[in-house]
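The structure appears below as structure tokens.
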Protein chains: 2
Amino acid sequence: MARLKTEDRRKNIIDEAVKIIHKQGFEALTIRELAYRVNVTEPAIYRHFENKEDIILSIMDRMNEFDEELNKHIESVKGKERKIAELINFHFLFFEKNPEITSIIFSEDIFRNGKLLPDKLLSILTNRRGIICKVLEDAKRSREYQGLSSCNLATIILGFIRLVVLRWRLSGFAYSLVESGNSEAKTLLKLIYNYR
Amino acid sequence: MARLKTEDRRKNIIDEAVKIIHKQGFEALTIRELAYRVNVTEPAIYRHFENKEDIILSIMDRMNEFDEELNKHIESVKGKERKIAELINFHFLFFEKNPEITSIIFSEDIFRNGKLLPDKLLSILTNRRGIICKVLEDAKRSREYQGLSSCNLATIILGFIRLVVLRWRLSGFAYSLVESGNSEAKTLLKLIYNYR
DNA sequence: TTTAAGTTAGTAAACACTAACTTTCAGAAT
DNA sequence: ATTCTGAAAGTTAGTGTTTACTAACTTAAA
């Protein structure tokens, strides 16, 4: 098959690894299967990655892209209250567009290999909560959610998003996440906006 | 070692299987390891279970115990509004007491083996949401959450619980789930009770 | 004394990974 | 412009280990 430079091949391998986890689960991610999908032999994989854990860690690095996108998007939204709604909407939009990512984010077992990975997920969650918390703190100033803890509220919002996405995943992505998610989000937003 | 009747040995095996998943992850659940923990040889396992999937399915059956306990507990609580708070509290209490259960409920990869298991988790989640939804419907009648969808609210509550428990798991069960969970729950309850 | 619960000793297949060889290709020297 | 060369990307053929599972034998107990 076509010969690729290591940078391109690395990207190629990670892409296929994510697809495997998405379609067949983390257990199915073997070097054999990966090599087959990439159309090279097994040792060729080791030309570009030290070992399997190295591959998994590289997958995690790709996850950071979302947080960057999220941050950018939120900053561009005008209106502090609208940001909360847009934050939820953006999650659903992104996951509907990149369903493979949910397979990574929701795969607990990925994060149990080694000791680095649980910390990685925890830092993703903490970081995400930080972003939401900041948006809420901003909104607080313009309206009166004074009695509420912004970070606790962030937990509620993030937990809501995760569960809605999990149900969508378990359904086999059978319906529109954006549609059904935002419909359910109305109740949450009502709850927040109507807090006195 | 001591010779057990098949019923007792089955329970024995399931107990150890849950412990393995809890301590070492789903990947570590091998017949070898299981037999070692149970203090029998590998073929003895197959005396009591047809194959590995049979073991996993039996683990799932045990999960139903929680829903029964939850239902009983909620019915015993007086005061329709208090039931909501107690529902959240009971989740935290149960999981703190049975941390192994969280490893099962949160292990996506368990549910990817075969086709029966994803449906199983979906039915657990749907059932749980039904329980919460019912409590909320009751509370609705005595107070005015009229503008809110009870089932959407149930999603918010369940999502909140799951995320709080997930963070606790990722921390390595380093703190009291009941304490920190209920503290965070105050914000959610405020949000619900103060809805006008 | 029958039968259920256990054993020993194995199977074939899959796993992550490696040593050693070959091919491709870009850039330098002719 | 063509050839040479060295390194990078790929191969074949294997390693030892672990996996789920089984056939055939033994032991204990009701």
Side-chain angles (χ1 to χ4, degrees), chain A residues 1-21 23-60 104 107 109-117, chain B residues 1-21 23-60 104 107 109-117:
Chain A
M1 276 290 141
R3 190 177 264 236
L4 290 183
K5 296 204 171 172
T6 195
E7 220 163 305
D8 294 329
R9 186 60 85 195
R10 273 182 71 100
K11 191 184 175 317
N12 182 206
I13 290 168
I14 296 297
D15 282 346
E16 293 302 321
V18 170
K19 279 186 201 164
I20 290 168
I21 294 171
K23 283 184 191 147
Q24 294 155 263
F26 181 62
E27 267 192 313
L29 180 67
T30 64
I31 305 300
R32 225 204 248 327
E33 179 73 14
L34 191 49
Y36 171 76
R37 299 262 187 178
V38 175
N39 264 316
V40 293
T41 56
E42 290 180 54
I45 301 292
Y46 289 93
R47 208 46 89 179
H48 308 288
F49 293 92
E50 260 194 27
N51 49 39
K52 202 180 171 182
E53 195 181 9
D54 189 19
I55 296 172
I56 298 163
L57 278 165
S58 300
I59 293 173
M60 297 322 303
I104 312 295
S107 174
D109 297 65
I110 292 176
F111 299 100
R112 204 121 46 154
N113 278 43
K115 290 167 187 178
L116 301 141
L117 288 161
Chain B
M1 277 289 140
R3 191 176 264 234
L4 290 183
K5 295 200 172 175
T6 195
E7 220 163 307
D8 294 329
R9 186 61 84 193
R10 273 183 69 100
K11 190 183 174 319
N12 182 205
I13 290 168
I14 295 297
D15 281 345
E16 293 302 322
V18 170
K19 278 185 202 166
I20 290 168
I21 294 171
K23 283 184 192 148
Q24 296 157 261
F26 180 62
E27 267 192 311
L29 180 66
T30 64
I31 305 300
R32 225 205 246 324
E33 180 72 14
L34 192 49
Y36 172 76
R37 300 262 186 179
V38 175
N39 265 316
V40 293
T41 57
E42 291 179 54
I45 302 291
Y46 289 94
R47 204 54 83 180
H48 309 287
F49 293 93
E50 260 194 25
N51 49 39
K52 203 181 170 183
E53 195 181 9
D54 189 19
I55 296 171
I56 296 164
L57 279 164
S58 300
I59 292 173
M60 296 323 302
I104 312 295
S107 174
D109 297 68
I110 292 176
F111 298 100
R112 202 115 53 148
N113 278 43
K115 290 168 188 177
L116 300 140
L117 287 160

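These numbers come from a predicted model, not from an experiment. Letters go in sequence order (proteins before strands), and every chain restarts at 1.
Side-chain proximity of B/Thr41 to the nucleotides C/dT8, C/dC21, D/dA20 is greatest for C/dT8. Listed candidates were C/dA5, D/dC21, D/dT11. Nearest to the side chain of B/Lys52 is D/dC21.
Side chains of A/Leu57 and A/Phe49 form no contact here, defined as non-hydrogen atoms less than 4.5 Å apart. Looking at A/Ile31 and A/Lys52, their side chains come closer than 4.5 Å, going by heavy atoms from C-beta outward.
The separation between B/Glu27 atom CD and C/dA16 atom C1' is 12 Å, rounded to whole Å. Summarising the geometry, the separation between CD on B/Glu53 and P on D/dC21 is reported as 10 Å, rounded to the nearest angstrom. Put simply, CZ on A/Phe49 is 12 Å from P on D/dG10, counting in whole angstrom units. For A/Leu4 and C/dC25, the CG to P distance is 11 Å, given to the nearest whole Å. Atom CG in A/Leu34 sits about 17 Å away from atom P in C/dA14, given to the nearest Å. If you measure from atom CG of A/Asp8 to atom C1' of D/dA9, you get 13 Å, rounded to the nearest angstrom. For the pair B/Tyr46 OH and C/dT11 P, the interatomic distance rounds to 17 Å; values are reported in whole Å. If you measure from atom OH of B/Tyr36 to atom C1' of D/dA20, you get 20 Å, rounded to the nearest angstrom.
Remark: B/Glu7 does not engage B/Lys11 in a salt bridge, criterion side-chain N to carboxylate O under 4.0 Å.
Toward the 5' end of DNA chain C, the nearer of the two residues A/Ala28 and B/Glu7, judged by each one's closest nucleotide, is B/Glu7. Across the interface with DNA chain C, nearest-nucleotide mapping of A/Pro43 and A/Arg32 shows A/Arg32 to be the residue nearer the 5′ end.
Distance check, rounded to the nearest 0.5 Å: CD1 of B/Ile55 to NE2 of B/His48 gives 10.5 Å.
Residue B/Ile55 is out of contact with every strand shown, counting any heavy-atom pair closer than 4.0 Å. Using a 4.0 Å heavy-atom criterion, one finds that B/Ile45 contacts no nucleic acid atom at all.
A/His48 has no side-chain polar atom (N or O) that falls below the 4.0 Å cut-off from OP1 or OP2 of D/dA8. In this model, the phosphate group of D/dT27 is not approached by any side-chain N or O of B/Arg3 to a distance below 4.0 Å at OP1 or OP2.
The backbone N or O of B/Glu50 lies less than 3.5 Å from a partner atom in the side chain of B/Asp54, making a donor-acceptor pair.
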